Student: 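Below you'll find the structure I mean.
Counting from 1, the numbers follow the sequence of the chain as shown. As the structure is a prediction and not an experimental result, all values here were calculated from the model. Counting convention: from 1, in listed order, for ligands and their atoms alike.
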Amino acid sequence: MARVACILMVSIDLNAVPKHVACVMDGNGRWAEQRGLPRIEGHKMGEHALIEAIEGALELGVEWLTVYAFSTENWKRPPDEVKFLIGFNEDILIRRQNELHEKGVQIRFVGRNDWRVPKRLTKRMDEASELTRKNTKLKFTIAFNYGGRAEIVDAMKSLMKTGVSPEKINEKMISRHLYDPQMPEVDLMIRTSGEYRTSNFLLWHLAYSEMWFTDTLWPDFDRSDVAKAIYDFQNRTRRYGGVTG
Ligand code: IPE
Ligand code: IPE
Ligand code: MG
């Protein structure tokens with residue numbers, strides 16, 4: 001008997017849930033602007049949506065959830081917004097790590113650890129990873145100062161340092177030098193706010209993922225959207241370049 005979950009009239013086959021779901025959490029600024037509020041108010045409201053996404057993933061049995069928190073291009077934003085985003089990410093870790101730990105969530109990070117990321121934040125990231133490292137319910141990865149191209153550049157640098165000869169390089173080898181070699185390919189990518197692009201997110205892992213887009217702005221996103229995305233995912237046919245039936 002197939003195990004089925006019904007969330008808001010959507011029937012999901014719990015035996016065919018995507019293993020890795022990745023979210024581009026977009027639309028915080030527009031959410032705030034629509035209400036005549038400063039952009040940072042939208043980021044603040046995005047925290048609730050983030051917890052909803054985690055709860056949705058836990059309820060449905062998703063193994064890996066990765067969220068795009070700050071891109072290598074987001075440094076171009078006004079200094080006040082950048083400063084806020086750095087502080088806010090640190091603040092979320094401080095306030096939420098115990099709660100996530102109790103829920104069995106393993107917190108992980110991907111991104112470039114360059115001079116622009118304050119040491120204080122790196123320390124918090126290490127603490128959260130350490131606290132939750134034995135948890136197994138959900139591998140929750142925060143992509144911070146992350147860029148898909150930067151990741152491939154960094155992987156190539158790391159690979160070259162091994163002294164490998166160019167003829168020997170293959171895809172598996174490159175995967176082993178990415179920020180998190182254990183991270184599986186993305187099965188389902190969700191992007192909110194009506195934008196239809198990857199914006200440099202997980203380029204390597206997105207090669208054959210299914211994409212799901214919604215006009216909902218990130219602060220309005222909740223677990224029912226996770227369910228809808230997974231429902232649609234289960235009605236797609238993945239061919240990986242081959243043929244079916
Ligand atoms: C996503 O919301 C959050 C980050 C990129 C950090 P935005 O801030 O991009 O919101 P919009 O796209 O301007 O509405
Ligand atoms: C992508 O959103 C980055 C994050 C969600 C962290 P952006 O809002 O930065 O992407 P663009 O600029 O619309 O492509
Ligand atoms: Mg945006």
Side-chain angles (χ1 to χ4, degrees), residues 20-54 56-57 64-93 95-96 107-114 116-118 121-122 124-125 128 140-154 178-180 183 186 188-206 209 211-222 225-226 229:
H20 186 186
V21 175
C23 294
V24 181
M25 312 186 284
D26 199 15
N28 295 350
R30 276 163 285 169
W31 185 95
E33 279 154 19
Q34 283 173 6
R35 288 160 180 79
L37 299 167
R39 292 176 55 83
I40 60 165
E41 294 304 320
H43 297 314
K44 286 186 193 163
M45 293 308 289
E47 180 178 348
H48 178 255
L50 175 66
I51 300 300
E52 280 289 305
I54 295 171
W64 288 75
L65 174 69
T66 302
V67 297
Y68 207 2
F70 192 89
S71 77
T72 45
E73 287 70 41
N74 287 149
W75 298 105
K76 290 183 208 156
R77 295 189 176 204
D80 279 357
E81 184 172 347
V82 169
K83 197 165 169 237
F84 174 81
L85 286 168
I86 290 172
F88 189 53
N89 274 277
E90 187 191 346
D91 190 42
I92 289 181
L93 285 178
R95 287 186 291 102
R96 299 283 189 173
I107 306 175
R108 302 162 80 97
F109 295 91
V110 288
R112 188 178 263 176
N113 186 8
D114 64 24
R116 293 177 295 187
V117 181
L121 177 57
T122 322
R124 294 277 176 229
M125 289 171 169
F140 169 60
T141 306
I142 301 173
F144 192 91
N145 193 23
Y146 177 88
R149 289 183 175 178
E151 177 170 40
I152 294 169
V153 169
D154 291 349
L178 296 173
Y179 292 135
D180 182 352
M183 180 185 279
V186 174
L188 172 64
M189 186 198 93
I190 295 173
R191 183 165 186 155
T192 55
S193 86
E195 306 294 356
Y196 303 92
R197 54 181 174 258
T198 62
S199 299
N200 203 13
F201 191 35
L202 299 175
L203 295 184
W204 184 271
H205 313 76
L206 286 177
S209 41
M211 310 278 195
W212 192 83
F213 299 101
T214 174
D215 287 340
T216 300
L217 301 175
W218 182 254
D220 293 326
F221 186 88
D222 65 22
D225 295 301
V226 177

Student: Please report the closest heavy-atom contact between Ala22 and Phe201, naming both atoms and the distance.
Tutor: CB-CE2, 3.7 Å

Student: With sequence neighbours excluded, tell me which residues meet ring-ring contact (aromatic ring centres under 6.0 Å, His included) with Phe221.
Tutor: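 So Phe221 forms a ring-ring contact (aromatic ring centres under 6.0 Å, His included) with Trp218.
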
Student: Whether Glu33 and Arg30 form a salt bridge (side-chain N of Lys/Arg under 4.0 Å from carboxylate O of Asp/Glu) is what I want to check.
Tutor: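 Glu33 and Arg30: not salt-bridged.
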
Student: With the threshold set at 4.0 Å, does a side-chain nitrogen-carboxylate oxygen contact exist between Arg96 and Glu47?
Tutor: yes

Student: By number and element, which atoms of ligand 2 are closer than 4.0 Å to a non-hydrogen atom of Arg197?
Tutor: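 Those of ligand 2 that fall under 4.0 Å from Arg197 are 11 (P), 13 (O), 14 (O).
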
Student: For Ile190 and Ala229, work out which heavy atoms get closest and say how close.
Tutor: CD1-CB, 3.7 Å

Student: Do you know the tightest heavy-atom contact between Ser209 and Leu188?
Tutor: CB-N, 4.3 Å

Student: Which residues and atoms, protein N, O or S only, are under 2.8 Å from the Mg ion (ligand 3)?
Tutor: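 Within the sphere that stays under 2.8 Å of the Mg ion (ligand 3), the protein atoms of type N, O or S are Asp26 OD1.
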
Student: Among all residues two or more places apart in sequence or in another chain, which pass the ring-ring contact (aromatic ring centres under 6.0 Å, His included) test with Phe70?
Tutor: Trp75, Phe144

Student: Pairs of nitrogen or oxygen atoms, one from ligand 1 and one from the protein, closer than 3.5 Å: please tabulate them with distances.
Tutor:
residue  : atom   : partner : partner atom : Å
ligand 1 : 2 (O)  : Gly27   : N            : 3.4
ligand 1 : 2 (O)  : Asn28   : N            : 3.2
ligand 1 : 8 (O)  : Arg39   : NH2          : 2.9
ligand 1 : 8 (O)  : Arg77   : NH1          : 2.7
ligand 1 : 9 (O)  : Asp26   : OD1          : 2.9
ligand 1 : 9 (O)  : Arg77   : NH2          : 2.8
ligand 1 : 10 (O) : Gly27   : N            : 3.4
ligand 1 : 10 (O) : Asn28   : N            : 3.1
ligand 1 : 10 (O) : Gly29   : N            : 2.9
ligand 1 : 12 (O) : Asp26   : OD1          : 2.8
ligand 1 : 12 (O) : Arg30   : NH2          : 2.8
ligand 1 : 13 (O) : Arg39   : NH1          : 3.0
ligand 1 : 13 (O) : Arg39   : NH2          : 3.0
ligand 1 : 14 (O) : Gly29   : N            : 3.4
ligand 1 : 14 (O) : Arg30   : N            : 2.8
ligand 1 : 14 (O) : Arg30   : NE           : 2.7

Student: Counting only heavy atoms not in Arg149 (residues, nucleotides, ligands), do more than 12 fall under 6.0 Å from its CZ?
Tutor: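 Counting neighbours around CZ of Arg149, 12 or fewer heavy atoms of other residues, nucleotides or ligands fall under 6.0 Å, so no.
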
Student: Over 60° means perpendicular and under 30° means parallel, so tell me whether His43 and Phe84 are parallel, tilted or perpendicular.
Tutor: parallel

Student: Between Thr72 and Arg112, is any side-chain donor less than 3.5 angstrom from a side-chain acceptor?
Tutor: no

